[in-house]
Amino acid sequence: MPPLLSRRSLLVGVLAIPAVARAQATEASARVRCSFAGHDFTYRLAENPTVTDFISLLPLDLTIMDFLTNEKIAHLPRRLVEAGLVDINFETPGDLCYFLGWGSLASFHDSYVYRRDLIRRGRIEGGVAPLLVRGEFPLRLELINPSQEKENA
């Protein structure tokens with residue numbers, strides 16, 4: 001029986017994925033550290049193509065600001081792959097989403113309604129208190145290296 005994929009096809013596909021994303025795609029539930037206004041908190045990331053693309057951008061320095069009364073947003077340097085879109089049926093404060101309309105991050109700190117224009121990228125670990133700080137601030141996003149976490153435990 002002939003192989004399903006040739007070595008060449010497999011190699012081309014693997015090389016198309018950025019190195020950081022390849023490494024993290026194999027890690028179950030990667031985590032990202034967020035820092036702004038003297039607060040540090042983490043998101044446990046979902047596993048989907050949009051998240052993999054997001055991970056390839058890290059670390060990032062952005063600006064986070066209030067939007068409406070229930071979320072903070074941060075504009076990314078480029079649009080992400082949008083293949084992670086699946087219906088959300090349990091919207092929860094603490095969700096980290098990618099907004100298709102603007103190509104930005106949305107960090108919800110209060111209830112919201114899913115409208116098929118959001119890709120859930122993760123969920124905050126701990127409470128949403130850091131997101132309640134009003135204003136516009138520099139935001140630092142960094143991938144948490146699982147091996148460093150084990151050393152610090």
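Starting from 1, each residue takes its place in the sequence as its number.
- Considering every non-hydrogen atom in both G84 and P49, the closest pair reads CA-CD, 4.1 Å.
- Across R44 and S29, no two heavy atoms sit closer than the pair NH1-O, 3.0 Å.
- Put simply, L105 and L57 are part of the same group of oily side chains (I, L, V, M, F, W, Y) that touch within less than 4.5 Å, one to the next.
- L118 places a side-chain heavy atom less than 4.5 Å from the side chain of F108.
- Note that the OG1 atom of T50 and the CG atom of L85 stand 8.0 Å from one another [nearest 0.5 Å].
- Interatomic distance, CD1 of I55 versus CZ of R121, reported as 9.5 Å (0.5 Å rounding).
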- Message: Using side chain to side chain contact (heavy atoms under 4.5 Å, CB included), reason through L45 and V32 one step at a time and then give a plain yes or no.
- Response: CA-CA 7 Å; L45 300 177; V32 65; 3.9 Å; yes
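- Closest approach of S111 to N70, counting heavy atoms only: O-ND2, 3.0 Å.
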Can I get a per-line list of side-chain donor-acceptor pairs under 3.5 Å for residues 93-100, giving both atom names and the distance, sequence neighbours left out?
{"unit_1": "D95", "atom_1": "OD1", "unit_2": "R123", "atom_2": "NH1", "d": "3.2"}
{"unit_1": "D95", "atom_1": "OD1", "unit_2": "R123", "atom_2": "NH2", "d": "3.4"}
{"unit_1": "D95", "atom_1": "OD2", "unit_2": "T92", "atom_2": "N", "d": "3.1"}
{"unit_1": "D95", "atom_1": "OD2", "unit_2": "Y112", "atom_2": "OH", "d": "2.5"}
{"unit_1": "D95", "atom_1": "OD2", "unit_2": "R120", "atom_2": "NE", "d": "3.3"}
{"unit_1": "D95", "atom_1": "OD2", "unit_2": "R120", "atom_2": "NH2", "d": "3.1"}
{"unit_1": "Y98", "atom_1": "OH", "unit_2": "L80", "atom_2": "N", "d": "2.9"}

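- Heavy atoms only, all atoms of each residue included: A106 and E71 are closest at CB-OE1, 3.3 Å.
- Partners of E91 under the salt bridge (Lys or Arg N to Asp or Glu O under 4.0 Å) rule, at least two apart in sequence or in another chain, do not exist in this structure.
- To the nearest 0.5 angstrom, L76 atom CG is 7.0 Å from S104 atom OG.
- Looking only at distances, no side-chain donor or acceptor of T42 sits under 3.5 Å from a matching main-chain atom of R33.
- By the side-chain contact (heavy atoms from CB on, under 4.5 Å) test, D40 is found to be paired with S35, residues two or more places apart in sequence or in another chain being considered.
- The shortest non-hydrogen separation linking L62 to P77 is CD2-CD, 4.1 Å.
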Show every donor-acceptor pair shorter than 3.5 Å between a side-chain atom in residues 126-144 and any protein atom, with sequence neighbours excluded, or say none if there are none.
{"unit_1": "R140", "atom_1": "NH1", "unit_2": "D61", "atom_2": "OD1", "d": "3.3"}
{"unit_1": "R140", "atom_1": "NH1", "unit_2": "D61", "atom_2": "OD2", "d": "2.8"}

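- Nearest approach of I124 to F41, heavy atoms of both residues: CD1-CD1, 3.6 Å.
- Note on residues 97-115: pairs passing salt bridge (Lys or Arg N to Asp or Glu O under 4.0 Å), not counting sequence neighbours, are R115-D117.
- Pairs engaging residues 66-95 under the ring-ring contact (aromatic ring centres under 6.0 Å, His included) rule: F67-W102 [sequence neighbours left out].
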